[in-house]
Amino acid sequence: MLKVIEPRYEVPSRPHFSQKVIPELYEQAESTVIEDLSKACAIALTTDGWTSRANESYITVTAHHITPDWKIASHALQTRVMYEQHTSANLAQGLNETTLEWKLQRPGTTIAVTTDNARNIVNAMIEAGMSPQIGCFAHTINLASQKATGLNQIARLLGKVRRIVSFFHRSPTAAHILERKQEMLSLAKHHLIQDVATRWNSSYDMLERYLEQQAAVYAALTEQALKKKYISTLSDQAVKMAEEVLVVLKPLKTLTTLISTEATPSASMIMPLKATVLHSMEPKDGDSATVTQVKAAIRENLEDRYSLCQDFLHKCTALDPRFKPLPHVDDACRDRIYNSLITEIVAMEEEHQKTKGTAAAASSSHTGHPEASESPPPIKRSAMAEMFGELFQTQVGDKDTLQLVKEEVAAYKAVNSISVDSDPLLWWKTNESAYSTAGDIVTASRSALTAENVDKLIFLAKNMKI
């Protein structure tokens with residue numbers, strides 16, 4: 001048709017897009033990202049590894065920062081193929097190269113990195129000199145939950161349900177009979193769910209769906225056509241165990257859903273959520289032996305998590321107007337957290353004043369006049385200084401910096417907290433003056449993409465504004 005309508009038109013070839021269009025779009029988006037990052041006074045990273053359908057291993061690094069108008073901005077910086085072993089040394093080298101290439105370091109700050117809990121990536125953060133390293137809370141909950149589902153009696157229960165679900169998935173006849181029984185029993189025509197070994201919440205969903213449909217499953221398996229298949233339903237004792245397990249794991253399921261759907265997840269949520277989970281796993285009178293073991297397995301796995309970075313996380317929570325009363329810690333811990341914040345703010349503000357004075361003296365010396373017509377370029381300030389610095393001058397009247405900081409932090413603590421559904425960054429924007437895509441890109445049809453084009457396409461998907 002094109003040849004008839006316009007014989008002179010040449011359809012763009014694959015090389016045209018991969019060698020010309022994509023690189024040009026990448027350069028345009030790259031310049032925008034570099035400009036955005038240059039305005040950030042502090043940057044945090046997230047990084048994760050994944051494997052494409054072509055069985056190539058990639059590492060994606062994403063940068064996050066708060067914009068001048070108090071919004072979280074995220075940029076997928078690099079998706080690099082890793083042919084080397086995923087040793088901590090190799091991972092650290094890759095992260096340091098990314099940091100240098102994108103100029104992410106800021107004076108007086110460190111780069112916080114969120115990763116999974118694998119030992120190699122945790123050690124890589126230490127070797128790269130990046131801190132704090134924060135374990136992904138969703139991954140942490142997944143590990144704790146798998147400790148529970150890995151208990152012998154729970155594993156056996158899941159195995160029985162898994163066999164039943166697999167049978168109905170494999171057999172069209174069984175699936176049809178199940179659908180008829182659902183209709184007869186006025187049950188929702190839901191398919192049984194097959195779990196995925198690496199995702200504990202899929203096991204929860206499988207168990208929950210089985211209990212919902214157990215009457216239809218039992219009725220279907222007693223049909224003459226299926227009796228000889230030797231698939232047995234759960235005993236009354238097993239059903240009771242399944243119901244108890246779902247009740248215990250419900251808070252973790254809710255939490256996993258919350259984290260997955262949260263538009264702006266932040267480190268300030270981790271310690272309150274951890275405390276909530278531990279509280280729900282406390283033993284109670286009347287708990288069965290199975291429930292007691294499940295709770296103990298989760299509590300034991302979760303209790304010592306984040307011990308190396310808990311001070312940092314506590315301060316993050318204190319600076320979130322949703323959680324600033326810190327009800328999940330005792331009075332002594334709460335006082336220690338806010339005293340630590342006060343000390344840090346004072347040190348940062350005094351350093352800022354010192355740097356500003358040095359810059360002014362250097363300018364006067366250079367021009368030969370104390371009051372030069374040209375002011376020195378603005379000095380980048382840390383996130384903490386941006387947040388509190390305008391209020392906390394070195395001296396105001398007879399008050400020194402420490403006294404001012406204490407008064408302003410006390411005023412901040414006295415203000416009512418906002419609801420947990422509110423946006424903490426919007427609150428800070430309003431009150432600032434008062435406190436002065438990888439799996440969708442490397443699909444089966446694109447598994448022949450070169451590593452360089454995978455990097456460019458993911459970069460464009462995450463950063464190009466259409």
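Computed over heavy atoms, backbone and side chain alike; hydrogens, waters and symmetry mates excluded. The shown structure was predicted, so the numbers you read here are calculated from the model rather than taken from an experiment.
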Legend entry - Contact summary for V196 and S202, nearest pair of heavy atoms: N-OG, 2.8 Å
Inset, instruction - Decide yes or no for E208 and E212: does some side-chain heavy atom of the first lie under 4.5 Å from some side-chain heavy atom of the second? - result: no
Legend entry - Distance (rounded to the nearest 0.5 Å) between S145 OG and I154 CD1: 12.0 Å
Inset, instruction - Measure from NZ or CZ of K413 to the centre of the six-membered ring of Y338, then state whether that distance is under 6.0 Å and the direction lies within 45° of the axis. - result: yes
Legend entry - Over 12 foreign heavy atoms within 6.0 Å of NE2, H176: no
Compile the donor-acceptor pairs under 3.5 Å between side chains in residues 247-255 and protein atoms, sequence neighbours left out, one pair per line.
unit_1: K253; atom_1: NZ; unit_2: D205; atom_2: OD1; d: 3.0
unit_1: K253; atom_1: NZ; unit_2: D205; atom_2: OD2; d: 3.3
unit_1: T254; atom_1: OG1; unit_2: K250; atom_2: O; d: 3.1

Inset, instruction - Ignoring hydrogens and angles, state whether a donor on the side chain of N120 or H86 is under 3.5 Å from an acceptor on the partner side chain. - result: no
Legend entry - Minimal non-hydrogen separation, N117 against T140, with atom names: ND2-OG1, 3.2 Å
Legend entry - More than 12 heavy atoms from other groups under 6.0 Å of CD on E282: yes
Inset, instruction - Using atom types as modelled and distance alone, determine if a side-chain donor or acceptor of T98 lies under 3.5 Å from a backbone N or O of G94. - result: yes
Inset, instruction - Could you please spell out the steps behind the side chain to side chain donor-acceptor pair (under 3.5 Å) verdict for Q78 and E101? - result: CA-CA 10 Å; Q78 291 180 346; E101 181 177 344; 2.7 Å; yes
Legend entry - D116: salt bridge (charged side-chain N to carboxylate O under 4.0 Å, His left out) partners, not counting sequence neighbours: none
Legend entry - Between CE on residue M82 and OG1 on residue T79, distance to nearest 0.5 Å: 13.5 Å
Inset, instruction - May I ask you to decide if N55's main-chain N or O and T51's side chain share a donor-acceptor pair within less than 3.5 Å? - result: no
Legend entry - Aromatic centroids of W428 and Y412 separated by under 6.0 Å: yes
Legend entry - A220 versus L226, closest heavy-atom pair with distance: O-CD1, 3.2 Å
Inset, instruction - Could you tell me which non-hydrogen atom of R299 sits nearest to which non-hydrogen atom of P283, and how far apart they are? - result: NH1-CD, 3.7 Å
Inset, instruction - Could you pull out all residues at least two apart from H328 that satisfy ring-ring contact (aromatic ring centres under 6.0 Å, His included)? - result: none
Legend entry - Side chains of S88 and N123, donor plus acceptor under 3.5 Å: no
Legend entry - Any W427 side-chain heavy atom under 4.5 Å of D320 side chain: no
Inset, instruction - Would you confirm whether H169, through its side chain, and L192, through its main-chain N or O, come within 3.5 Å as a donor-acceptor pair? - result: yes
